[in-house]
Amino acid sequence: MIGASIEEGDKVVVDRAMTPKHNDIVVAVVEGEYTIKRLYKHQGRIELRPENPAYSPIIFNDGVELLVWGVVVGVVRRYSSRG
Amino acid sequence: MTSAPQFALVDVNNFYVSCERVFKPSLESTPVVVLSNNDGCAVARSNEVKSLGVKMGMPWFKMKDLARQHGIQAYSSNYALYGDMSNRVTSILRDYSPDLEVYSIDESFLRIETVAHLYGGAIPMGQQMRHRIKQWTGLPVCVGVGPTKTLAKFANHLAKKNDVFNGVCDLHAMTRPERLEWMWGVEVGEVWGVGSRIRKRLAGMGIDTVLDLRNASPKQMRAQFGVVMERTCNELRGISCLELEDVMPPKQQIMSSRSFGAPVETIEELRESVASYLASAAEKLRRQNSVAGAVYVFVLTNRFKEDEPQYNAGITVPMGDATDDTLVLTSAALRGLAAIFRPGFRYKKAGVMLTLLSDKGARQATLFDDPVARARSEKLMEAMDAINREFGRGTLRSGASGVAQRWAMRAGNRSPRYTTRWDELPVVT
């Protein structure tokens, strides 16, 4: 997820035990696939927002269930493939 | 506060299938089946597959047409994943009660009479467990609560089959007539410990429902079936006879067998497989500090291939001195194999079973006991186990188990070991 300092090939640490809150970065399930987005949950609006402005948010209207798989709490990145 | 025992049985719904679904969300609401070792037959079914009429143990080739027709997704068993997920569930449950018995990979018994009040009772406690296990692991569970283990099992069955319980059924929370009515509605084969053979005999006595068995005379049950049935009968009446077992008793026999990935026809290949199964059985034997007094070896052909000649045979080879030495046990097993092998058959499966187990410390010395040889054998086995632990199973093995292992297990469609291998983590794209 470009923009939230998560890049291709990174490992993310996901805590399933945390209850997702507004502004958390989450792993969510959309149409059977995983996606990483920022959770927008404010004044009754629920959206999954990409950090990359080139993509548009996914909006959850009344009655549509959002399945959050877990909250992203950290990232592990390898800088060198040597050693 | 009462000190009468209160047991909870927590059981993961369709455990293997549910594990697969946690890491592949697109499988939610698709029919999924998990196949046994060697992709032989169904060992776990999603509800969708159950309602298609696929029975537990149905061979894969018999459901292939159905699978194609209904888009059933079939997975090979992924025991690394299931074992790890099972440990996660257990560790969550241990937070609820220190008195816990892991009964199988997907079921645990807990004693909750001293802790349930902290949650406002057994039902709210069970609901919290359900919610927490679902959120933390992704796995759905049902909880059954009752005054005995057998009744907790029964309550769990009710919770699973009846939506009114919302996944948690506490028999204490019912009136007596309600309890009896539920017992009347479930057939006796669902009672813990009542297998199909006993069920048939019970049917002959007019005992068809759980209620019938509950109302049967424990004395008569004992006379007909033995002490275990008497206990079951008492447990159904709410008299607790079975305690939690926190330590698994050592196994009375150790079995190791597999179906072959491809049919095997030669004794050479059978020898290799038998030796290799024996190696893993003997390792387990040493881990529980037992020695075996006999080895049973068997071979069989594929009984589903009705057009092929059929043969199955087994033989017990007694050991002079009970032993845990892989090499000694292997040579006994191979002698047995030579005695039962017949050429001209396509063998589907072979296996060994170590029997007449006894505690190693209590071993009887015999006339031919050779302490020097025994010490040497012990050192060798220790080294072998240590190397195999360090570098992976089968690194060091007896020459008899062969190198190529053409017959090795088939696991055609195993999912990644998501939770135990860095290079198999789930990927978000």
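Chain letters run A, B, ... following the sequence lines, proteins first, then strands; residues in each count from 1.
Residue contact with chain A, scored on non-hydrogen atoms closer than 4.5 Å, involves the backbone of B:Val427 exclusively. There is no contact between B:Ser29 and chain A, counting heavy-atom distances below 4.5 Å. Both the backbone and the side chain of B:Gln135 come within contact range of chain A, each with at least one heavy atom under 4.5 Å from a heavy atom of that chain.
A distance-only check finds no donor-acceptor pair linking the side chain of B:Arg132 to the backbone of B:Ile92 [under 3.5 Å]. In this structure, the side chain of B:Asn78 engages the main chain of B:Leu81 through a donor-acceptor pair within 3.5 Å.
Ranked by non-hydrogen atom pairs under 4.5 Å with chain B, the options A:Glu33, A:Arg16, A:Met18 are led by A:Arg16.
Ion pairing between B:Glu107 and B:Lys160 fails under the 4.0 Å rule for side-chain N and carboxylate O.
Remark: B:Arg111 qualifies as a cation-pi partner of B:Phe7 under the 6.0 Å distance and 45° angle criteria applied to the six-membered ring.
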